[in-house]
Amino acid sequence: MSSLQFWKPGTVGPGSTLDRATETEGNVLSSAPLTSSVSIQVARERLPIFKHRQKLLYCVETYGVTIVVGQTGCGKTTQLPQYLYEAGWASDGNIIACTQPRRVAATSVAGRVATEVGTILGDEARILNVIKVGYTIRFEDVSDKERTRILYLTDGMLFRETLIDPLLSRYSVIMIDEAHERSIYTDLLLGLLKKIRRKRPSLRIVVSSATLDASYFLDYFSAGNPEGEATIISLEGRMYPVEVAYLQEPTADYVRKAAETVWNIHLHQASGDILVFLTGREEIDRCLEELSEYLPTLPRNAPRLKLLALHAGLTTEEQLAVFEPAERGTRKVIISTNIAEASVTIDGVKFVVDCGFVKIRIYNPTSTLSSLATVPVSLASSIQRAGRAGRTSSGICYRLYPESALASLPITTPPEITRVDLTTPILQLKSLGIDDLMKFEWVSSPPAETVLRALENLVASGMVGEDGRLTATGEKVAECPVEVNIARMLFMSKEYKCGEEMLTIAAMTTVQDVFIIPEGAAGALAELERRKFTAEEGDHLTLLNAYNAFTRYGRSSSWCKAHALSFRAMSRAVSIRAQLKKYMQRFDLPLESCQGDAKRLRQCLVSGYWRNGAKWVADGTYRSVRGNVVLYVHPNSVLFTRKPRSGWVIFHEMEETKKTQIRILTEIEPDWLLEYGHTFRDKHTGVAIS
DNA sequence: GAGCACTGC
């Protein structure tokens, strides 16, 4: 094979978006001894952010909104809240909050900062009366109402808090970290924070973002506000330079090209692990196959190659394998989805191979269909991906497209809020008293049709009245951490006397990948195990059976393994169920059991899924009641191979892949659909809704 | 007759 057919136009480095590193990332602080405050002090001063300390504090003091452009490794997430604390922003019972889009980030950063300030997290700290740093994520609140001064939490949790305290009055400063990722909760929070600041100007906001988005946030917070409301401050990072190489010609098959590139790197470049970005599991598997075909041609004296896949569908153990250092004389190759772009960080990577594409969710409000589309990555993403090669030393990023294609890349990925169903978020905004959605200051406006569709959905399900205001049920459902149709079933379970079972079904439909069906012979065996739970009525009751069996047999991981169930998913279902149970109790919904009366259960399901009806047709596909769309049953369904006796089903969700598929089906009688399709009478207002 | 980017409450 020829040497690399890449053109190397230069380096992503100083002056660009990845700055030259001054020292190794991360271990400076974590290696500091717990008890020695002196060494911690020294270490903190070595962080690039330190010399901007006074300037940062001045900006927060002077400006309502400070946009911090901080590159990976500058220490903003760990240091800025501490500077603010030391400057007195947490006095008088005030709290400094820092939001993260992911749970792991919130917990791990809180742990690190607790070490730095000389305390610890959790119960031990509570006894010692030294709680200063805490974190809050769903199912886990490691904070103290009185004593926590610096609180790390997921953006979703802070958004939820606005439903209880709309002015977020316990916080003096709120830092929205990783804002450039534009998670839906980040966007909603930023919109609310701009509003909150008008009523509570003393609140300070810090938005931390990557370079390419900073001026967008500045414009957003400056619009309609007095001069000097917002400012930008830029911090250099601690990245090593990454050289970028492009293909000379576009490739028709980037998976094959990726394999070829990996092979070339291995034969011609010095040691260092390789990280490959592809779009999905199928591509990853194919790339692995191509590479294993090369392996026998490896010269006897050449270093070995260790091939690893990384995607969210793997078990935790399988995912952990990518962090294990390879044996001496072996190079690791990690072939990954976008999970390695921001969620998972692997040190030791010196080479990145970027296919230039990503899979993103797209929502079509007209058809209410969600789909996964493979689209070119944004410029911001390609920079982030390249940066993965420069974490521990300088590196090279091979982009599998010509440099000329750079110009056609979008600057950033469209924010999530423009690409998803907004039924639940809009219900929540209404619950916050934001009734005129046209006047809400979105950071990026969602498509008008998506907003209209969400409103229509809310009216049809009795959450919003004809006057555009929340109904009594709507007020309650807005608080529930589940989709609107699921919440509606929980409320209707009172009529059908099946609260106990609906609670389980609600929890089980929320977790994904309950059944583990591996490839090949093991898969056939797993399939047999799953049949033990199968209910002929369909998937909802099958999920119920699986959950009940799980609790009956002691909730053990070995039991799950023996029955082809995911222990992680099942445990999560237990937590979600417990959380939803509290809401049921608060709303006075009885936890009765239907005592095995599956008919009542199925009727209750229709009260939530009444818009998701479908009729079986002779070729084994279904037609949707709304829109007469051709629907294919997902292969994981127990109804995949079987015609429902009545010929009718409701389904949990539909998604467009190569075909339009429906997942989690239950057989129903068609006249049950009519009952809900025509009118739903809101129990509290008595208003009939068509 | 065949499949699933990533998060979050």
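It should be emphasised that the depicted structure is a prediction, and the values quoted were computed from it without experimental measurement. Just so it is clear: chains get the letters A, B, ... in the order the sequence lines come, proteins before strands, and each one is counted from 1.
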**OP:** State whether A:Asp177 and A:Lys76 are salt-bridged, where the test is any N-O pair (Lys NZ or Arg NE/NH1/NH2 against Asp/Glu carboxylate O) under 4.0 Å.
**Re:** yes

Original post:
Listed by chain and number, what are the side chain to side chain contact (heavy atoms under 4.5 Å, CB included) partners of A:Ser575, not counting sequence neighbours?
Top reply: A:Phe139

**OP:** Classify the nucleic acid contact of A:Arg103 as base, sugar-phosphate or nothing, counting any heavy atom under 4.0 Å across all strands shown.
**Re:** sugar-phosphate

Original post:
Heavy atoms, side chains only, cut-off 4.5 Å: are A:Met502 and A:Met584 in contact?
Top reply: no

**OP:** For A:Asn636, report the nucleic acid contact type (base, sugar-phosphate, nothing); a contact means any heavy atom under 4.0 Å.
**Re:** base

Original post:
Does the side chain of A:Leu188 come within less than 4.5 Å of A:Trp442's, by heavy atoms?
Top reply: yes

Original post:
When all nucleic acid strands are considered with a 4.0 Å heavy-atom cut-off, which category describes A:Leu372: base, sugar-phosphate, or nothing?
Top reply: base

**OP:** Give a yes or no on whether a salt bridge exists between A:Glu416 and A:Arg419, defined as a side-chain N under 4.0 angstrom from a carboxylate O.
**Re:** no

**OP:** Hey, which sits more toward the 5' end of DNA chain B by its nearest nucleotide, A:Asn338 or A:Gln428?
**Re:** A:Asn338

Original post:
Strictly under 6.0 Å, is that where the ring centroids of A:His652 and A:Tyr609 end up?
Top reply: yes

**OP:** Using a cut-off of strictly less than 4.0 Å between a heavy atom of the residue and any atom of DNA chain B, enumerate the qualifying residues of residues 656-666 of chain A by number.
**Re:** A:Thr657, A:Lys659, A:Gln661

Original post:
Using a distance-only test with no angle check, is there a side-chain donor-acceptor pair under 3.5 angstrom linking A:Arg182 and A:Thr412?
Top reply: no

**OP:** Between A:Arg281 and A:Glu483, name the one whose nearest nucleotide on DNA chain B is closer to the 5' end.
**Re:** A:Arg281

Original post:
At under 4.0 Å between heavy atoms, what does A:Thr154 touch on the DNA or RNA strands: base, sugar-phosphate, or nothing?
Top reply: sugar-phosphate

**OP:** Mind checking A:Ile576 for me? I need base, sugar-phosphate or nothing, with any heavy atom below 4.0 Å counting as a touch.
**Re:** nothing

**OP:** Please tell me if the side chains of A:Val322 and A:Leu320 come closer than 4.5 Å, counting only heavy atoms from C-beta onward.
**Re:** no

Subject >> DNA chain B contacts made by residues 95-102 of chain A, counting heavy atoms under 4.0 Å >> reply: A:Pro101, A:Arg102

**OP:** May I ask you to say whether A:Glu479 pairs ionically with A:Arg586, meaning some side-chain N is under 4.0 Å from a carboxylate O?
**Re:** yes

**OP:** Answer yes or no: is there a side-chain heavy-atom contact under 4.5 Å between A:Ile335 and A:Leu291?
**Re:** yes

Subject >> Residue-level proximity of residues 307-319 of chain A to DNA chain B when a heavy atom falls under 4.0 Å >> reply: A:His311, A:Ala312

**OP:** I would like to know whether A:Phe515 and A:Phe533 meet side chain to side chain contact (heavy atoms under 4.5 Å, CB included); could you show each step before the answer?
**Re:** CA-CA 11 Å; A:Phe515 299 104; A:Phe533 307 115; 4.1 Å; yes

Subject >> Distance-only donor-acceptor check, side chains A:Arg388 and A:Thr345, under 3.5 Å >> reply: yes

Original post:
Only one of A:Thr413, A:Val375, A:Thr279 forms a side chain to side chain contact (heavy atoms under 4.5 Å, CB included) with A:Val358, so which one is it?
Top reply: A:Val375

**OP:** Could you list where the contact with chain A starts and ends along DNA chain B, reading 5' to 3', using a 4.0 Å heavy-atom cut-off?
**Re:** B:dG1 to B:dC9

Original post:
Just checking A:Phe159: base, sugar-phosphate only, or nothing, at a heavy-atom cut-off of under 4.0 Å?
Top reply: nothing

Subject >> A:Arg102 with A:Glu181: basic N within carboxylate O range, under 4.0 Å >> reply: yes

Subject >> DNA chain B-proximal residues of residues 412-424 of chain A, any heavy atom under 4.0 Å >> reply: none

Original post:
Does a side-chain heavy-atom distance below 4.5 Å link A:Phe159 with A:Leu192?
Top reply: yes

Original post:
Under 4.5 Å between any side-chain heavy atoms of A:Ile516 and A:Arg568, yes or no?
Top reply: no

